[in-house]
Amino acid sequence: MEYNHKEIESRWQKYWRDNDIYKAEINPAKKKFYVLDMFPYPSGAGLHVGHPLGYIASDIYSRFKRLQGFNVLHPMGYDAYGLPAEQYAIQTGQHPEKTTTENIARYRSQLDKIGFSFDWSREVRTCDPDYYKWTQWVFMQMFNHYYDRIADKALPIERLTERFAASGTEGIDAACSKDLVFTADEWNSWDERRRREVLMNYRIAYQGETMVNWCPALGTVLANDEVSEGVSVRGGHPVEQRVMNQWCLRVSAYAPRLLADMEELEWSESLKETQRNWIGRSEGAEMRFGVKDSDLELEIFTTRADTIFGVTFMVLAPESAYVRRLVTPEHKEAVEKYLDEVKHKTERERQIDKRVSGVFTGAYAINPLTGKEIPVYVSDYVLAGYGTGAIMAVPAHDSRDYAFARHFSLPVIPLIEGADVSEESFDAKEGVMINSEGPELNLNGLQVKEAIARTKQFIEEKGLGKVKVNYRLRDAIFSRQRYWGEPFPVYYKDGIPYLMDEKELPLLLPEVDSYLPTADGQPPLGRAKGWTTPEGYPIELCTMPGFAGSSAYYLRYMDPHNHDALVSREADEYWQDVDLYIGGAEHATGHLIYSRFWNKVLFDLGLVVRKEPFRKLVNQGMIQGRTSFVYRIKDTNTFVSHGLKDNYDVTPIRVDISMVSNDILDTARFRAWRPDFADAEFILEDGRYHCGYAVEKMSKSMYNVVNPDDIVERYGADTLRLYEMFLGPLEQSKPWDTNGIDGVNRFLRKLVGLFSKADLSRHDEMPKEVKKTMHKLIKKVTMDIEAFSFNTTVAAFMIALNELTAAKSDSAAAMEIFTVLIAPFAPHIAEEFWHTLGHDGTVADARWPEWDEAAIKDDTVKYPVSFNGKSRFLIEVPAGTDAKEVERIAMADPAAAKWLEGKTVRKVIVVPGKIVNIVVG
RNA sequence: GCAGGAAUGGUGGAAUGGUAGACACGGGGGACUUAAAAUCCCCUGGCCCUUAUCGGCUGUGUGGGUUCGAGUCCCACUUCCUGUACCA
């Protein structure tokens, strides 16, 4: 049998396709197992070798679970809405749907070559109307529900209107944008407009004036997770803060549950920690400070209630509504000037500029515990979006307050014994309190933690404030001023938003003549002709963000062609949740939060049975590029080999890795690469030009992209799959290095060789040594796959092959075990073997073998004999020899005498099966 | 700053507290060949002894500790990666 990977792979891929081998159906007689990959955004660049890493791992696991007898759901689809397609459309005028469809076709052909066991009959695309119908539908459910904190779940908005009509806000605790208090009489006296405005304050999908990240270059708002360090994650454009009327999702209502329910998930600790930070729970107190000569009260949030005696000033965020109400006439001009300055700074400028800035409002607050007057400032170091947008400043124990106090020469009162605050603040929450005595409360002598508790208790008793848990997690901004996304099923009557009828879904994305905003600054949908309801009411012009379509796709895969529901009850109850989810860690604060939120809303509505969508999650590492460099001697066209470059003044230049093999440059191809290198000269080392290398992101501009198609063409999909797994631990980032691939390919060719030499007609019992090899292999492979340790599994196959070759085994039984074990990794060649062994059909229907522990046991046990822990020699004893006897044999060994010369034996330790350690003095 | 993770040969990486460096790449040597490729065999952490064998010493970022025994556990530190940050 010759190893012709092209012929074998195309033949078996066709067989799988023609016979629907990987089609999954509900089968109550079998246990389900749901393996999901994060579906890709089909970019124009196609796949590079890094993309399939996670898909290969999930495919191995799916095939393994199937061989173990599970009914495996392993679907794939496309996250098809997104910014690059739209920007390409703006540049070229091509409809994003056209480029997206083309990119999907390219992705599909690349994926198909790798031999995945996806059930393509369940494919979803987020831009498909049959799919986004349900994205729109869930949005409508969110609009029609509010979060009831007493029931601790989402409830229909009608329930709220009934309660308002009966008893106003009395006894209601609902997640809302703004705390409202009104009576039933008031509610009943309001017209529809007013009532709708009030309800908007409670809806889970709501429209509101909020501070948003506005990106002028992209012409759209962005969610918090789409902005990093003040610039957009996609494109790196500056982002500024603006107040705009936007659709939002009340994710913050779910913060406590998103935090608590994470505990039972099998996710990596680092990923959980990232989510915990993002959710950002902090316990503290909300307190009210009176204002001098005013009946206004300033509400602040603090986690350090104990430092109340050290408050020497107050600070408001520039966007705080308090500012304009507090400012005194003589300070008005200066404050307005400051607010104007701040407004024109972008978020990035605000972050980079760490200089202290701010201005006095002229107002004084009253410390409720001491009665002292303290000045109120405005400064941009206080954020409007967190807590109440106002703080009590304690310069002695907060570094930011300290910097502000020093700049404005405000007093600094130390509150902790021994804290030196002459140079910097003392931020640690430890020590004994001092200077903290007022008429009603004395904290002196208490530890910080005790003082915090004592103060909280005091302010609650006195009604000065309340204990409060704050979350950093903000509501998700859900509008995008873009074309290529899901339209909102919303129209406006007299400026009030109304939902369309469910029967009108999907609301199709309309055609436009250009993908740019309109002349008067409306989103692209403003160009759509007839973008109104039949009655002539205008339809919402924004579209939904990228995460809308990716938030429930795992549910749609369960029942992708259902026209009556997102997912039928039957399909949901059978498939339940994703057992294994594989994808990148970069989605920790975006998709993985939104998806969990989305699922919880559906759970509250009784539409899904699981409160968490992804039980186990594995983050595959990134595969980086390995860039090759040549070194040009300055001002010449002479290139010097890597080992000699330090003798010259050189400029490193990236070269296309296709011209480099094992770091040796193909100089002829290099000369042909670019005209200016045509007459290049080389200074060689031992006759060859050695390139240098660096690990960088894999990208076209670095000339280091490796296309999986090329690897499959040359070595075959099975080699690619094995090699990607052999590269290193799945979760670790590592550079792609084509150099090592020969070893894996050689292994497969040797395996084929072994098969062709074996006498497969003999089905008698395996020889003892062979049996041991195979059962060791079964155990190792089974346990390694469960532990996602695929790199050591591949090594185990190589070792087993070497042992079989050495044993000159021609046992059909051994070959059969090998075939099934390797089927998840190298499915094509396994099919070929399966067929050669005389089976019909597909190896996917085989049974995963179980190992026999007795067959693995050794007859003899080797003990390293060590002196004081240092190994010196080996002894071999029959298995099961008792410890005393092992000790006797070790001591009697001639080698022992040499080590014992002139020493006294203090102690002998025999660990059965492990070691004999002789402690000598 | 904070949080999480990592550090082992020339390289990627193996090692339930028990013979460190599996497996592979790269390198060296040899066989086959007119030659090359392919294939096969041997060697390959460093240092030292020896004609050679046999052997010895040393070695998992640094410094301590626990233990009969530490790459592995504990403490401190250094460096790197990832995430996050005026979050009061």
Side-chain angles (χ1 to χ4, degrees), chain A residues 228-229 268-278 280-282 284-285 300-305 307 315 317 350-351 353-354 356 379-383 385-394 397-401 403-404 427 470-474 585-586 588-589 619 621-622 626 662-664 693 722-723 726-729 731-744 746-747 749-750 753 783 789 791-802 862-874 898 906-920:
Chain A
S228 179
E229 295 177 2
S268 74
E269 198 44 47
S270 69
L271 190 65
K272 284 186 180 178
E273 198 56 34
T274 305
Q275 288 215 348
R276 278 187 209 113
N277 288 340
W278 192 257
R281 183 181 195 273
S282 65
I300 59 96
F301 176 75
T302 181
T303 55
R304 290 296 299 274
T307 58
V315 189
R350 244 170 104 159
Q351 278 184 11
D353 189 3
K354 300 271 183 190
V356 175
S379 173
D380 65 358
Y381 84 88
V382 173
L383 303 177
Y386 184 76
T388 61
I391 61 155
M392 63 178 213
V394 186
H397 302 289
D398 183 287
S399 54
R400 297 152 302 177
D401 296 346
F404 194 86
D427 290 16
N470 243 329
Y471 292 90
R472 203 163 67 89
L473 185 69
R474 316 286 172 81
E586 68 274 17
T589 54
N619 294 120
M622 202 116 75
R626 193 174 184 280
N662 285 333
D663 293 339
I664 305 298
Y693 75 89
L722 279 166
Y723 186 57
F726 188 59
L727 224 42
E731 307 207 18
Q732 193 174 302
S733 285
K734 56 234 163 196
W736 176 268
D737 183 357
T738 307
N739 292 343
I741 202 165
D742 285 319
V744 168
R746 201 168 291 145
F747 157 74
R749 292 205 309 266
K750 283 190 212 168
M783 286 171 49
S789 180
N791 54 331
T792 53
T793 319
V794 178
F797 284 130
M798 292 177 176
I799 295 166
L801 174 62
N802 286 339
K862 277 184 185 154
Y863 280 88
V865 180
S866 71
F867 291 86
N868 295 343
K870 270 203 194 319
S871 298
R872 300 301 177 182
F873 62 94
L874 288 178
K898 182 181 156 204
R906 294 253 169 92
K907 206 185 326 181
V908 180
I909 294 145
V910 178
V911 185
K914 302 273 188 193
I915 200 163
V916 181
N917 190 19
I918 301 163
V919 186
V920 292

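In what follows, chains carry the letters A, B, and so on, assigned in the order in which the sequence lines appear, proteins first and then strands, with residues in each chain numbered from 1.
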Would you mind classifying the nucleic acid contact of A/Pro729 as base, sugar-phosphate or nothing, using non-hydrogen atoms under 4.0 angstrom?
-> sugar-phosphate

In whole angstroms, the gap separating C1' of B/C25 from NZ of A/Lys734 amounts to 16 Å

d(A/Arg400 CZ, A/Ile391 CD1) to nearest 0.5 Å is 7.0 Å

One should read off an interatomic distance between A/Leu874 CG and A/Lys862 NZ, to the nearest 0.5 angstrom, of 7.0 Å

note: A/Asp737, atom CG; B/G12, atom C1'; distance rounded to Å ~ 7 Å

* Asked: Counting any heavy atom closer than 4.0 Å, what does A/Leu727 reach on the DNA or RNA strands: base, sugar-phosphate only, or nothing?
  -> sugar-phosphate

Those stems involving RNA chain B that have three or more consecutive Watson-Crick or G-U pairs, both distances under 3.5 Å, are B:1-7 with B:78-84, B:10-12 with B:23-25, B:26-31 with B:39-44, B:45-48 with B:55-58, B:61-65 with B:73-77

### Message
Is A/Asn791 close enough to B/A14 that one of its side-chain N or O atoms is under 4.0 Å from OP1 or OP2 there?
### Response
yes

Syn within 90° of 0, anti beyond: B/G4 is anti

Those residues at least two apart in sequence (or on a different chain) that pass ring pair (Phe, Tyr, Trp, His ring centres under 6.0 Å) with A/Tyr723 are A/Trp736

To the nearest angstrom, the NZ-P distance between A/Lys870 and B/G56 comes to 12 Å

Here the distance between atom C1' of B/U11 and atom CD1 of A/Ile741, to the nearest Å, is 16 Å

With the side chain counted from C-beta on, respond yes when A/Val911 and A/Tyr863 share a heavy-atom pair under 4.5 Å apart, and no when they do not. no

### Task
Please confirm whether any donor atom in the side chain of A/Arg474 sits under 3.5 Å from an acceptor in the base of B/C87, or the reverse.
yes

Mind checking whether A/Arg304 and A/Val394 have side chains closer than 4.5 Å, heavy atoms only?
no

Practice problem: Report yes if at least one side-chain N or O of A/Tyr381 is closer than 4.0 Å to OP1 or OP2 of B/A88; otherwise report no. | Solution: no

Whole-Å distance, A/Leu722 CG to B/C23 P, equals 17 Å

Separation of B/C2 atom P from A/Arg400 atom CZ, nearest Å, is 14 Å

Sorted by chain and number, sequence neighbours left out, side chain to side chain donor-acceptor pair (under 3.5 Å) with A/Asn791 holds for none

note: A/Arg304, atom CZ; B/C87, atom P; distance rounded to Å ~ 14 Å

From CD of A/Glu731 across to C1' of B/G83 the rounded distance in Å is 15 Å

